[in-house]
Structures are given as C-alpha cells and as structure tokens.
**Q** 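Encoded as structure tokens, here's the structure I'll be asking about.
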Amino acid sequence: MIRSFVCALAVAGLTTPAFAEAHRYELDPDHTTVAFLVDHLGYADTLGIFRQVEGSFTYDISTQALSNVTVQVNSASVETFHKARNGHVLGKDFLNAKVHPVMIFSADSGTPSNEKTGSVKGNLTLLGQTHPLTLAVTLNKAAKYPFGHGRFVLGLTIKGTVIRSQYGMSYAVENGFVGDAVELIVETEAMRIE
C-alpha cells in the first residue's frame, strides 16, 4: 500500500501582503497527517496513516514561488488499524521497511491555479526507485497562529495518486485483490521559521 508521501507541499497561492518575501516553513509534526486509501478486493478502500513525517519548504507569498520542498516519511510508522495487516504492509510485499526505511518527496517549484489552489510536480522516492509525482494543493488558511507558538502558519490540504506497481510494489495487483492506485491525503499546518 503506500507511499507517502508524501506530503508534499504544494503551496499554491496565497493572498499577498505588502513587502512579502520568501520564508522557510516546516511541517508541524503535531498537526500533520499523511493518510492513504487503497482498494481491497473491490469491496471497500482500506485506510492507513503514517505517524512519523517531517518536511520543509520555501515559499514567497507575494510571488507564490515555491522551492526546496523536502518531505520525509518513516515507512515503519505505518498504521492500518489491524495488527496482522500492519506486519504485511511493512514486509517485502509492500513497503519493505527494513530495507527502505524512508520515503522522500522533493520538488523545486509549484504552479498556482488561483489564490487557494495549485499543483506541485516533484519526485517520490519509494522502494529505492524515484518517479515523478504531482500533488494537488489547497490553501485552507494563512495567518498567525492564535495561541501557543504564535508563528505564521499555512494550513494545507494535499492530494495525489501513487501507482504502486511503478515502484515495483506489484503484490496482488494482477489478481485485483489490492488496488494499484493509492490515494494520498495530507493535512498539514506548516509553520514559518522566523
């Protein structure tokens, strides 16, 4: 099942405050969820999450320029809410987490569609292979956090689709028991690094 990826930060479009400039942002690990859905036997999608993810990117609100995106997901942090299935997903048929402990998404630019949506074309490295991956991004909110750290935060919803057989993860694809297409859903709060 899955790749993660991803989390990738497709920040696309924000309202432009005066005198804005590029800033570095980091994913808040306490407010970042990387989830996936994959078909099981045609009956229903199986939901899973990755509990350990870190990432950062550079973004300029005034120009909507995105660069230096790197998101790393710990493969062994997968959780499918079923002990036996977790073990299978961690093994050689899927993530092979002992050999490939991390998945990495990287990108150097994004393409805004409007003030709230856009896309990021980057590369996902999974199971030792690297292939292009495009993520659709929605900016939910851009504002100073109302409490706690008080940093400026971007709230993002990121979605994409990974074809797992492209990375050599072909288990149960031919017989249709497990879907080849894995839907990624990332919800994150990215904090500006002052």
**Q** Please round to the nearest 0.5 Å and tell me the distance separating atom OG of Ser109 and atom CD of Gln64.
**A** 13.0 Å

**Q** Cut-off 3.5 Å, side chains only: do Asp180 and Ser165 have a donor facing an acceptor?
**A** yes

**Q** Between Asn123 and Ser106, is there a side-chain donor-acceptor contact under 3.5 Å, judged purely by atom types and distance?
**A** no

**Q** Can the ring centroids of Phe177 and Tyr171 be said to lie less than 6.0 angstrom from one another?
**A** no

**Q** Quick one, Thr80 and His88 - any side-chain contact, counting heavy atoms below 4.5 Å?
**A** no

**Q** Membership question, hydrophobic clusters at under 4.5 Å side-chain separation (ILVMFWY): are Val182 and Phe94 in the same one?
**A** yes

**Q** Rounded to the nearest 0.5 Å, how far apart are OG1 of Thr138 and CG of Asn114?
**A** 8.5 Å

**Q** Would you please say whether a donor-acceptor pair under 3.5 Å links the side chains of Glu183 and Thr161?
**A** no

**Q** Return the minimal non-hydrogen interatomic distance between Leu154 and Tyr59, and the atom names on each side.
**A** CD1-CD2, 4.3 Å

**Q** Taking the side chain from Arg51 and the backbone from Asn74, do they hold a donor-acceptor pair closer than 3.5 Å?
**A** no

**Q** Between CG of Leu127 and CZ of Arg164, what distance do you get to the nearest 0.5 Å?
**A** 10.5 Å

**Q** In Å, rounded to the nearest 0.5 Å, how long is the span from NE2 of His23 to CD1 of Ile193?
**A** 11.5 Å

**Q** For atom OH of Tyr43, decide whether the heavy atoms of other residues, nucleotides or ligands shown that lie under 6.0 angstrom number more than 12.
**A** no

**Q** Return yes if some donor-acceptor pair links the side-chain N/O of Arg151 with the main-chain N/O of Arg192 below 3.5 Å, else return no.
**A** yes

**Q** For the NZ atom of Lys98 and the OG atom of Ser75, what is their distance to the nearest 0.5 Å?
**A** 13.5 Å

**Q** So if you build clusters from Ile, Leu, Val, Met, Phe, Trp, Tyr with side-chain heavy-atom gaps below 4.5 Å, do Met191 and Val34 land together?
**A** no

**Q** Report yes or no: do Leu37 and Val162 belong to one cluster of Ile/Leu/Val/Met/Phe/Trp/Tyr joined by side chain heavy-atom distances under 4.5 Å?
**A** no

**Q** Write down the atom of Met169, the atom of Asp93, and the distance for their closest heavy-atom approach.
**A** CG-O, 3.5 Å

**Q** Is Leu90 linked to Ile49 within one hydrophobic cluster, defined over Ile, Leu, Val, Met, Phe, Trp and Tyr using a side-chain heavy-atom separation of less than 4.5 Å?
**A** no

**Q** Would you give the length of the straight line joining atom OG1 of Thr63 to atom CD of Glu21, rounded to the nearest 0.5 angstrom?
**A** 11.0 Å

**Q** Tell me the closest heavy-atom pair linking Asn68 and Asp108, and the distance in Å.
**A** N-OD1, 4.0 Å

**Q** Going through the distances and angles, do Phe105 and Val186 end up as a side chain to side chain contact (heavy atoms under 4.5 Å, CB included)?
**A** CA-CA 13 Å; Phe105 177 81; Val186 180; over 6 Å; no

**Q** Looking at every non-hydrogen atom in both residues, tell me the closest pair between Thr58 and Ala22 and how far apart they are.
**A** CG2-CB, 3.9 Å

**Q** Minimum heavy-atom separation for Gly160 to Leu135, with atom names?
**A** CA-CD2, 3.9 Å

**Q** Please report the closest heavy-atom contact between Gln52 and Ser77, naming both atoms and the distance.
**A** N-OG, 3.1 Å

**Q** What about the rings of Tyr167 and His100, do their centers lie closer together than 6.0 Å?
**A** no

**Q** Using the rule that Ile, Leu, Val, Met, Phe, Trp and Tyr join whenever any side-chain heavy atoms are under 4.5 Å apart, tell me whether Met103 and Val38 fall into a single cluster.
**A** yes

**Q** In terms of relative ring orientation, are Tyr25 and Phe57 parallel, tilted or perpendicular, with 30° and 60° separating the classes?
**A** parallel

**Q** Do His131 and Leu124 come close enough that some side-chain heavy atom pair is under 4.5 Å?
**A** no

